[in-house]
Amino acid sequence: MNEDVQGAGGAPLFNPLSPDFIRDPYPHYDRLRTIDPIHVTPFGQFVASRHADVSLVMRDKRFGKDFVERSKRRYSEKIMDEPVFRSMSHWMLQADPPDHTRLRGLVVKAFTARRVEDMRPRIQEIVDQAIDAVIDRGHMDLIEDFAFRLPVTIICDMLGIPEDHREVFYKSSRDGGRLLDPVPLTPEEIKKGNEGNLMAQMYFQQLFELRRKNPADDLTTQLVQAEEDGNKLTNEELTANIILLFGAGHETTVNLIGNGLLALHRNPDQLALLKARPELMEGAIEEFLRYDSSVQMTGRVALEEIEDLGGKRIPKGETVLCLLGSANRDPSVYPDRPDRLDVTRQNVKPLSFGGGIHFCLGAQLARIEAEIAIATLLRRLPDLRIDDVENPEWRPTFVLRGLKRLPASW
C-alpha cells in the first residue's frame with residue numbers, strides 16, 4: 001500500500017492538522033493500525049501506528065534524529081539559515097550521539113528521582129495558591145488559571161528565572177508547538193518561529209549574564225559554568241537547550257493535566273471512583289498518559305537501509321513518524337477495551353514519554369505535578385463541573401495535543 005491509501009469517504013488516512021483529526025485522532029489511528037500500519041504520507045514519510053513498530057523504532061540504534069540533513073531534504077539547503085531551525089539543531093532532543101550524550105549528561109543531574117521527589121512540597125504550595133486565587137470566584141479556566149501556572153512556575157524555579165521576570169512567561173503565547181508537527185511550515189510560520197526564538201534568545205542571554213555575575217543553585221548556573229568549561233557547551237547550545245528545557249518543561253505537563261481532567265469529566269464513573277479512592281491517583285496518571293497522550297508523535301530517521309519494518313522496506317535517510325497516541329491504544333497490548341478510560345487498569349506502560357536514549361528527562365516530574373494538581377483539585381473543589389465537556393476547544397497542533405481553554409465552575 002502507498003500514500004494513495006484512503007480512509008473512510010476518500011479522505012486521506014493521515015491528515016493530522018485537519019479539524020476532525022485534532023478533535024479526536026483515535027478513530028483515525030484505529031484505521032491506520034488496521035488498514036496500513038506502516039503508512040506513507042504525501043510528504044514521503046513513513047508513519048508507524050502499532051505499538052511493536054513504534055517501540056522498535058524509538059529504541060533501535062539503526063534509527064536516529066539526523067535533524068540537519070532531514071530538514072534540508074524537507075525544505076532546502078538554506079533552511080539552517082533560519083534562526084529557529086538553527087536553534088532546534090542544537091536541541092538535545094534533535095541530537096544524535098555523541099552530541100546527545102554530552103548535552104544530556106549536563107542536565108540529567110537536575111532531574112534525578114531524589115531531586116524531583118524533594119519538589120513535592122513546592123508543587124503542593126503552587127497548586128494550593130492557584131486554587132486559593134480563584135476559589136471565591138466560583139469559576140476558572142482550568143488551563144490558564146490552573147494547569148498552566150504550575151509547570152511554568154516549577155521550570156522557572158529550576159532555571160532560576162527571577163520572580164519579577166515571570167509574569168511575561170505566564171502570559172507568553174503557547175503557539176510554539178506547531179514547529180514539531182509533521183506537516184511542513186509555511187514561510188509565514190517560519191517567520192513567526194524566528195521572531196519567538198529571537199525574543200527567547202534575548203531574554204536568556206540576559207539571564208546568563210546575571211548568573212555569571214551571581215551564580216545560584218539552579219540549572220542555568222550549572223549550564224553557564226559548563227559553557228565556561230569550553231569543551232562541554234557552546235553559547236548557541238546553551239541558549240537552544242535552555243529554550244528547549246523551558247518549553248518541554250511546561251508544555252507537556254499543562255496538556256497532561258488538562259487532557260486528564262477532561263477525560264475524567266467525560267467519564268463520570270471514573271471521576272466518582274477516583275474521588276472515592278484517592279489512592280488510585282498514581283495509577284490513574286499512567287492511564288491518562290495512555291488514554292490521551294499530551295505528546296502524540298515522535299520521529300526518527302533511518303541511518304541505514306531497514307529491510308523490514310512491519311512489512312515495509314525503509315530506505316536510508318527516510319523519516320519514520322512514531323504515533324505514540326496510537327501505540328498507547330493498540331489492542332495487542334491493551335486487549336481490554338483500549339478506547340475506554342479505566343483508572344484501575346493494570347500494567348499500563350504508556351509510550352507518551354518516548355523511548356530509548358531520548359526518553360523524556362522530566363517524565364517523573366511531569367507525573368508528580370499532574371498527580372498533585374489533579375488530586376488537590378478533586379479534594380478541594382469536589383463539585384467542580386466543566387462547562388462543556390462535549391465540544392472543548394483544542395489547540396490547532398497535532399504533536400502537542402492539548403486544550404486551548406477549559407472553563408469550569410463550582
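Residue numbers start at 1 and run along the sequence shown. Here the structure is a predicted model, which means the values were calculated and not measured.
Glu318 has its side chain within reach of Phe46: a pair of non-hydrogen atoms, C-beta onward, lies under 4.5 Å apart. Taking 4.5 Å as the limit, every side-chain heavy atom of Leu323 sits out of range of all side-chain heavy atoms of Arg33. Between Leu180 and Leu400, the closest side-chain pair of non-hydrogen atoms falls below 4.5 Å. A 4.5 Å side-chain heavy-atom check between Pro182 and Val399 finds at least one atom pair inside the cut-off. Between Leu262 and Leu142, the closest side-chain pair of non-hydrogen atoms is not below 4.5 Å. Looking at Ser89 and Phe85, their side chains never come closer than 4.5 Å, going by heavy atoms from C-beta outward. Contact annotation: the side chain of Thr112 never approaches that of Val116 to less than 4.5 Å [non-hydrogen atoms, C-beta and beyond]. Using a 4.5 Å heavy-atom threshold, the side chains of Asn235 and Glu227 count as touching.
In this structure, a donor-acceptor pair under 3.5 Å is present between the side chains of Gln296 and Tyr29. With 3.5 Å as the limit, one finds a donor-acceptor pair spanning the side chains of Asn197 and Ser87. For Thr252 and Asn255, the side-chain atoms include no donor-acceptor pair closer than 3.5 Å. Between the side chains of His28 and Asn15, no donor-acceptor pair is found at a separation under 3.5 Å. For Gln222 and Asp218, the side-chain atoms include no donor-acceptor pair closer than 3.5 Å. A donor-acceptor contact closer than 3.5 angstrom is absent between the side chains of Thr376 and Asp128. A donor and an acceptor atom, one from each side chain of Tyr26 and Asp292, are located under 3.5 Å apart.
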Leu219 vs Phe111, test: side chain to side chain contact (heavy atoms under 4.5 Å, CB included). Steps then yes/no. CA-CA 10 Å; Leu219 199 44; Phe111 292 93; 4.2 Å; yes
So Glu125 and Arg122, salt bridge (charged side-chain N to carboxylate O under 4.0 Å, His left out) or not? Walk me through it. CA-CA 5 Å; Glu125 177 191 16; Arg122 174 66 175 141; 3.1 Å; yes
Walk me through it: do Thr239 and Gln205 pass the test side chain to side chain donor-acceptor pair (under 3.5 Å)? CA-CA 7 Å; Thr239 313; Gln205 292 293 339; 3.0 Å; yes
Ser18 vs Asp20, test: side chain to side chain donor-acceptor pair (under 3.5 Å). Steps then yes/no. CA-CA 5 Å; Ser18 69; Asp20 185 46; 5.5 Å; no
Derivation of the side chain to side chain contact (heavy atoms under 4.5 Å, CB included) call for Leu378 and Met281: CA-CA 11 Å; Leu378 300 190; Met281 185 57 76; 4.1 Å; yes
Please assess Arg300 against Thr298 for the test side chain to side chain donor-acceptor pair (under 3.5 Å), listing each intermediate value before the final yes or no. CA-CA 7 Å; Arg300 298 288 190 274; Thr298 185; 3.2 Å; yes
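Residues Ser293 and Asn259 come closest through the heavy atom pair O-ND2, 4.1 Å. Nearest heavy-atom pair across Lys404 and Asp141 is O-OD2, 4.4 Å. Taking both residues in full, the closest heavy atoms of Ala366 and Leu256 are given as O-CD2, 3.9 Å, listed atom of the first, atom of the second, then distance. For Ile372 against Gln124, the heavy-atom pair with the smallest separation is CG2-OE1, 3.3 Å. Across all non-hydrogen atoms, the minimal contact from Arg166 to Thr153 is NH1-O, 3.7 Å.
No side-chain donor-acceptor contact under 3.5 Å links Asn267 to the backbone of Asp269. Without hydrogens or angle criteria, Asn328 side chain to Leu351 main chain gives a donor-acceptor distance under 3.5 Å. Checked by atom type and distance alone, the side chain of Tyr75 never pairs as donor or acceptor with a backbone atom of Pro184 at under 3.5 Å. Between the side chain of Arg379 and the main chain of Pro278, no donor-acceptor pair closer than 3.5 Å is present. In this structure a side-chain-to-backbone donor-acceptor pair under 3.5 Å is present from Thr221 to Ala216. Under a 3.5 Å cut-off, the side chain of Asp66 and the backbone N or O of Ala302 do not form any donor-acceptor pair. For the pair Asp181 (side chain) and Thr397 (backbone), a donor-acceptor distance under 3.5 Å is absent. Remark: the backbone N or O of Gly311 is paired with a side-chain donor or acceptor of Asp308 at under 3.5 angstrom. In this structure a side-chain-to-backbone donor-acceptor pair under 3.5 Å is missing from Ser49 to Ser326. Distance alone, capped at 3.5 Å, places no donor-acceptor pair between the Arg70 side chain and the Val301 backbone.
A cation-pi arrangement is not found for Arg329 relative to Tyr334, the charged atom failing to lie both closer than 6.0 Å to the ring centre and inside a 45° cone about the ring normal. Judged by the 6.0 Å and 45° rule, Arg385 forms no cation-pi pair with Trp410.
Each of Arg31, Arg50, Lys312 was checked for a salt bridge (charged side-chain N to carboxylate O under 4.0 Å, His left out) with Asp36, and the lone residue meeting it is Lys312. Test Val389, Ile374, Leu271 against Leu261 for side chain to side chain contact (heavy atoms under 4.5 Å, CB included) and you get one pass: Ile374. Put simply, the residue from Arg102, Lys232, Arg86 that forms a salt bridge (charged side-chain N to carboxylate O under 4.0 Å, His left out) with Glu237 is Arg102.
Here the NE2 atom belonging to His358 is positioned 8.0 Å from the CD atom belonging to Gln94, to the nearest 0.5 angstrom. Distance CG/Asp145 to CZ/Arg405: 11.5 Å, rounded to 0.5 Å. Of the inter-residue distances, the one linking Leu406 atom CG with Phe146 atom CZ reads 11.5 Å to the nearest 0.5 angstrom. For the atom pair CG (Leu233) and CG (Leu223), the distance works out to 6.0 Å, reported to the nearest 0.5 Å. Interatomic distance, Leu185 CG to Leu179 CG, rounded to the nearest 0.5 Å: 6.0 Å. One distance of note links CD of Glu390 with CD1 of Ile386; it measures 11.0 Å at 0.5 Å rounding.
Contacts classified as side-chain hydrogen bond (donor to acceptor under 3.5 Å, both in side chains) and involving residues 272-289 (residues at least two apart or in different chains) are given here: Arg277-Glu279, Glu286-Arg367, Glu287-Arg290, Glu287-Arg345.
Residues Phe398 and Phe21 bring their aromatic ring centres within 6.0 Å. Aromatic ring centres of His250 and Phe246 lie closer together than 6.0 Å.
The 12-atom threshold is not exceeded at CG of Asp217, counting heavy atoms of other residues, nucleotides or ligands nearer than 6.0 Å. Annotation: Arg120, atom CZ; neighbour count of heavy atoms from other residues, nucleotides and ligands within 6.0 Å is above 12. The environment of Glu307 atom CD is sparse: at most 12 non-hydrogen atoms of other residues, nucleotides or ligands sit within 6.0 angstrom.
One finds a salt bridge joining Arg178 and Glu189 here, because a Lys/Arg side-chain nitrogen approaches an Asp/Glu carboxylate oxygen to under 4.0 Å.
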